[in-house]
Trainee: 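Before anything else, here's the structure in question.
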Amino acid sequence: MFKKILSLAIVAMLLMSVVAISASAAQVEVAEEAAAADDVASQGAEADVAATGDDGVIYFDAASAGWTGAKAISFFIYGLSGEGNITEWGSKNKSLTSNDGDTWAFKAAEAGVKDGHEYGIIFNNLDTGAQTADLLFNTSNFGDTGYVPNPDDKIENAVDSNKKSMIAKWKNSSNGPIKQITSLGNIVGETIPSTTSAYQMMVNFLASKGSQSLTNALKFNGKDAKTTIDETAKALGLSQDEVNKAIIEARDTGANDGSGDKTDWTSEYPVDESSGGGSGGSTSSKSSSSSSSGSSGSSGSSGSSGSSGSSTKSGSASNTQTGQEETILFIMLGVMVLAAGVIFFVRKKERA
């Protein structure tokens with residue numbers, strides 16, 4: 001009798017083990033299918049990213065500018081954070097390809113364009129010398145195409161007032177033509193980079209000794225200092241208080257120090273020195289920078305999101321497999337304890 005019961009217990013234990021293993025195998029199969037589906041989705045997402053230019057390529061629609069059949073186009077890129085020129089002005093870029101001269105592609109990432117930085121880009125027809133105005137550019141524009149909405153819509157060249165530049169934009173980005181003060185003191189462009197502000201632009205205009213300075217503008221625009229400063233400030237949206245502070249700050253940084261052939265404009269725009277300089281401008285600068293830097297933070301966040309998603313997937317698969325192994329172990333232990341209990345009671349009964 002004891003042997004029969006023992007045999008039945010062993011058979012029951014084996015059957016339950018087989019059932020448990022089969023169930024576990026089914027769960028593993030389901031988990032593997034889910035993981036495979038995740039991989040397919042992930043690969044599809046990666047393909048989408050690549051299709052939008054994650055490989056660091058940017059394009060220019062030369063036909064939109066009327067440059068159909070152009071033989072040489074230059075993508076001139078310069079840094080707005082002090083890193084200098086990324087490409088050389090007036091020369092055909094390396095890694096530049098074209099499609100019948102109508103659409104040009106350039107590997108900007110290979111040229112040194114980095115995430116988290118802002119740049120200006122000018123598209124230049126080396127055959128004719130025609131060019132576009134400075135366009136704001138960062139890694140969010142990878143895969144995007146620059147184009148000219150209207151070839152007849154031109155603005156004053158920021159450096160040389162004798163030239164006109166076509167307005168260029170991106171097809172899929174809000175990064176627009178860079179707002180600048182020209183050599184005559186006029187305002188062109190739409191977008192202030194996050195590296196500066198309207199207030200800081202005015203300070204630089206007043207303090208600079210270069211071509212884009214008040215001193216230079218007064219030589220050629222036929223206006224006096226007060227008129228030029230007031231018109232420039234109005235176009236930048238600055239208050240009178242900010243203008244006064246900018247003038248004081250510009251003086252502190254060396255404007256009108258008597259060096260070189262300079263026009264002394266300070267006597268034409270007296271300000272209250274007791275008002276202090278820089279504090280109001282500092283606030284304006286922070287506010288403008290904050291509002292202009294939105295497009296750069298999303299990208300970064302896009303990359304971060306991608307890495308965190310990858311970690312989550314691998315952690316989920318590991319947890320599923322661990323749970324299956326624990327379930328099998330508990331079932332087998334339960335069967336063994338049950339069998340041991342049956343054997344114990346049967347032998348006790350036989351002895352009695």
Side-chain angles (χ1 to χ4, degrees), residues 52-53 56-67 73-81 85-87 103-104 106 108 113-125 130-159 163-202 204-205 212 232-238 284-285 287-300 302:
T52 59
V57 176
I58 56 175
Y59 305 87
F60 178 63
D61 181 358
S64 68
W67 300 349
I73 297 290
S74 174
F75 285 51
F76 175 64
I77 302 172
Y78 61 92
L80 295 173
S81 307
N85 295 343
I86 303 301
T87 60
T103 301
W104 294 70
F106 177 57
V113 171
K114 300 177 181 178
D115 191 25
H117 292 244
E118 284 192 317
Y119 305 86
I121 184 169
I122 297 173
F123 303 106
N124 183 17
N125 186 335
Q131 68 179 72
T132 63
D134 307 50
L135 178 63
L136 189 63
F137 168 53
N138 55 38
T139 55
S140 72
N141 297 116
F142 284 172
D144 207 346
T145 300
Y147 75 107
V148 175
N150 182 1
D152 296 326
D153 190 6
K154 298 179 181 179
I155 58 176
E156 178 187 338
N157 184 287
V159 178
K163 296 180 180 180
K164 298 289 184 181
S165 301
M166 298 179 182
I167 297 175
K169 295 189 175 184
W170 297 106
K171 290 187 176 180
N172 301 300
S173 172
S174 60
N175 287 341
I178 297 175
K179 182 169 283 191
Q180 300 179 83
I181 303 177
T182 72
S183 59
L184 295 181
N186 299 318
I187 302 299
V188 295
E190 304 170 1
T191 309
I192 298 178
S194 64
T195 52
T196 187
S197 67
Y199 172 83
Q200 191 58 50
M201 287 170 64
M202 176 58 86
N204 293 343
F205 176 62
Q212 290 169 275
T232 303
K234 182 179 180 180
L236 287 173
L238 297 177
S284 173
S285 172
S287 170
S288 177
S289 295
S290 185
S291 63
S292 304
S293 60
S295 61
S296 313
S298 295
S299 129
S302 172

Trainee: Where do F75 and I73 land on the side-chain contact (heavy atoms from CB on, under 4.5 Å) test, with the steps shown first?
Mentor: CA-CA 7 Å; F75 285 51; I73 297 290; 4.0 Å; yes
Trainee: Is there a donor-acceptor pair under 3.5 Å between the side chain of T232 and the backbone N or O of G185?
Mentor: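 Present.
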Trainee: Which heavy atom of T191 sits nearest to which heavy atom of S174, and what is that distance?
Mentor: OG1-O, 4.2 Å
Trainee: Mind checking whether F123 and F60 have parallel, tilted or perpendicular rings, split at 30° and 60°?
Mentor: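 Taking F60 first and then F123, their aromatic rings lie parallel (interplane angle under 30°).
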Trainee: Please confirm whether the backbone N or O of M201 pairs with a side-chain atom of N204, one donor and one acceptor, at under 3.5 Å?
Mentor: no
Trainee: Once you round to the nearest 0.5 Å, how far does OG of S173 lie from CG of L135?
Mentor: 8.0 Å
Trainee: Would you name the heavy atoms of W67 and M166 that are closest together and state the gap between them?
Mentor: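 Minimum heavy-atom separation between W67 and M166: NE1-CE, 3.8 Å.
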Trainee: Roughly how far, to the nearest 0.5 Å, is CG of L184 from CD of E156?
Mentor: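 Spacing of CD (E156) from CG (L184) equals 4.5 Å.
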Trainee: Are Q131 and N157 packed together at the side-chain level, in the sense that at least one heavy-atom pair is separated by less than 4.5 angstrom?
Mentor: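 Q131 reaches N157 side chain to side chain.
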Trainee: With a 4.5 Å limit on heavy-atom distance, are the side chains of Y119 and T87 in contact?
Mentor: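 They are not in contact (no side-chain heavy atoms under 4.5 Å apart), so the answer is no.
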Trainee: For the atom pair CD1 (I121) and OG1 (T132), what is the distance rounded to the nearest 0.5 Å?
Mentor: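 If I round to the nearest 0.5 Å, the distance is 7.5 Å.
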Trainee: Could you walk me through whether T182 and I155 pass the side-chain contact (heavy atoms from CB on, under 4.5 Å) test, one step at a time?
Mentor: CA-CA 10 Å; T182 72; I155 58 176; over 6 Å; no
Trainee: Would you name the heavy atoms of I192 and K179 that are closest together and state the gap between them?
Mentor: CG1-CD, 3.8 Å
Trainee: If the test is side-chain contact (heavy atoms from CB on, under 4.5 Å), which one of H117, Q200, E118 qualifies with T195?
Mentor: E118
Trainee: For V148 and S64, work out which heavy atoms get closest and say how close.
Mentor: N-OG, 2.9 Å
Trainee: Please test F137 against N175 for side-chain contact (heavy atoms from CB on, under 4.5 Å), starting from the C-alpha separation and ending with a verdict.
Mentor: CA-CA 7 Å; F137 168 53; N175 287 341; 6.0 Å; no
Trainee: What are the two closest heavy atoms between L136 and N141, and how far apart are they?
Mentor: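 Heavy atoms of L136 and N141 come nearest at O-OD1, 4.1 Å.
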Trainee: Just verifying a value: how many Å separate K154 NZ and I167 CD1, rounded to the nearest 0.5 Å?
Mentor: 11.0 Å
Trainee: In Å and rounded to the nearest 0.5 Å, what is the OH to CD1 distance from Y78 to I122?
Mentor: 5.5 Å
Trainee: Minimum heavy-atom separation for Q212 to V159, with atom names?
Mentor: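 Reported closest heavy-atom pair: OE1-CG2, 3.8 Å.
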Trainee: With F142, which of T139, D144, N138 fulfils side-chain contact (heavy atoms from CB on, under 4.5 Å)?
Mentor: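 The residue from T139, D144, N138 that satisfies side-chain contact (heavy atoms from CB on, under 4.5 Å) with F142 turns out to be T139.
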